[in-house]
Amino acid sequence: MITVLLILHALCAVFMLGALTHQAMSAWWPPGPGPRSLFQSFRAVRGAAYTNTIVVLYVVTATLGSILYPTYRLAVRVVLEDLRFSAANGIFELKEHFVALGLGMLPAYWYYWKRPPGEGVAAQRVLTLILALIVWWAFLVGHVLNNIRGFGS
Amino acid sequence: MKVARAFPVFSAAFAAIYVICMDNNLALVSYFPRTHAWYWLTVTDLPKSAGPGMYWYGWLIVAALGAAALAALSLAVPARAMERVGAVSSWAVPTAAMLFLVVILRGWFIH
């Protein structure tokens, strides 16, 4: 059951990573007019259309993570402590707190993406960037820790 | 969008309250996964056999409740004034909170 939840958690994180990266790129680096390369097309999405999906994915992914967390606390963290992998525990501590702060940022993030065009653009861009950085950090840390402990071990 | 104008205040307050709770271990509930036991408030004095305690859920609940209360209060302030404060504090306070967390957790990385 835990393995199934872990895979679901990772899949939701992948979807969110893609959506947030598209949205952040479109907000910070919109493409100019004219023919578009693959990379320019990546940035050319309508960012506002992603907002509700990102909020739902973030909440679902964090909820799945919170269900998995006790298992991590007993089965992984203790092992990392025994192995003296202090930095590995540290990066997870940062992940847990950054994800919590990201949860709290979601209402403001949603609010500024739902404003009429041209209003609150700076806040919208910065909040999107911070959320994207949090999700990238959480995804990479989760992946590294899973590699250290070993899948299904 | 009338209630939604309090959302930036919620986000700023949530970040501030969360780091205060985390730094001082102020949790509304504590969870002990080895025994699957929940307790009100911060419990740290159980016997070793109870295993490690988890307070993250409790910090989240305190931050959410506190931020909701402050956001509700902010609705009493004129919208124009709150708009300016919220536009900056909604990202500046979480950013400061993240930097603060890096500093207080540096012990994991520096020996």
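Not measured: the values here are computed from a predicted model. So you know, we letter chains A, B, ... as the sequences are listed, proteins then strands, and number each from 1.
For a residue to count as touching a neighbouring chain, one of its non-hydrogen atoms must lie under 4.5 Å from one of that chain's; by this rule B:Val9 does not touch chain A. Only the side chain of A:Tyr112 comes within contact range of chain B, judged by heavy atoms closer than 4.5 Å. B:Leu101 touches chain A through backbone and side chain together, each having a heavy atom under 4.5 Å away. Both the backbone and the side chain of A:Leu94 come within less than 4.5 Å of a heavy atom in chain B. When heavy atoms are compared at a cutoff of 4.5 Å, B:Tyr31 approaches chain A solely by way of its side chain, counted from C-beta outward. For B:Ala97, the parts lying under 4.5 angstrom from a heavy atom of chain A are both the backbone and the side chain. With a 4.5 Å cut-off on non-hydrogen atoms, B:Met98 touches chain A through its backbone and its side chain both. Neither the backbone nor the side chain of B:Ala67 comes within contact range of chain A, judged by heavy atoms closer than 4.5 Å. With a 4.5 angstrom heavy-atom cutoff, A:Leu129 does not touch chain B via any of its atoms.
No path of Ile, Leu, Val, Met, Phe, Trp and Tyr side chains, each step under 4.5 Å between heavy atoms, connects A:Tyr50 with A:Trp29, placing them in separate hydrophobic clusters. Clustering ILVMFWY residues whenever any of their side-chain heavy atoms sit less than 4.5 angstrom apart, transitively, puts B:Val85 in a cluster other than the one holding B:Val88. A:Tyr72 and A:Val141 end up in the same hydrophobic cluster when Ile, Leu, Val, Met, Phe, Trp and Tyr side chains are linked at under 4.5 Å. The hydrophobic clustering, which links ILVMFWY residues whose side-chain heavy atoms are closer than 4.5 Å, places B:Leu41 and B:Leu60 together. Linking ILVMFWY side-chain heavy atoms closer than 4.5 Å, directly or via other members, places A:Leu74 and B:Met54 in two distinct hydrophobic clusters.
Scanning both residues, A:Leu101 and B:Pro94, for their nearest heavy atoms gives CD1-O, 4.1 Å. The two atoms that bring B:Trp56 and A:Ser66 nearest to each other are CZ3-CB, 3.6 Å, heavy atoms only. B:Phe14 and A:Gly104 make their closest contact through CD2-CA, 3.4 Å (heavy atoms, listed as atom of the first residue, atom of the second, distance). Considering every non-hydrogen atom in both B:Gly53 and A:Arg73, the closest pair reads O-NE, 4.3 Å. In this structure, B:Ala87 and A:Ala123 approach most closely via the heavy-atom pair O-CB, 3.4 Å. Here the closest non-hydrogen pair linking A:Leu106 and B:Ser11 is N-OG, 4.5 Å.
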- Could you please spell out the steps behind the side chain to side chain contact (heavy atoms under 4.5 Å, CB included) verdict for B:Glu83 and A:Arg115? CA-CA 12 Å; B:Glu83 187 64 38; A:Arg115 302 287 290 165; 3.9 Å; yes
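Within a 6.0 Å radius of CZ in A:Phe85, other residues, nucleotides and ligands contribute 12 heavy atoms or fewer. Heavy atoms from other residues, nucleotides or ligands lying under 6.0 Å from CH2 of A:Trp136 number 12 at most.
Counting heavy-atom pairs under 4.5 Å between each of A:Glu93, A:Glu96, A:Gln124 and chain B puts A:Glu96 at the top. Considering only heavy-atom pairs separated by less than 4.5 Å from chain A, the leading option among B:Gly86, B:Ala13, B:Ala64 is B:Gly86. Chain B forms more heavy-atom pairs under 4.5 Å with one residue of A:Asn89, A:Ile134, A:Leu103 than with any other, namely A:Asn89.
Below 30°, between 30° and 60°, or above 60°: for B:Trp59 and A:His97 the angle between ring planes is between 30° and 60°, a tilted geometry.
Checking each of A:Leu131, A:Leu127, A:Thr128 against B:Trp91 for a side-chain contact (heavy atoms from CB on, under 4.5 Å) leaves exactly one that passes, namely A:Leu127.
Put simply, the side chain of B:Phe109 reaches to within 4.5 Å of the side chain of A:Ile91, judged on heavy atoms.
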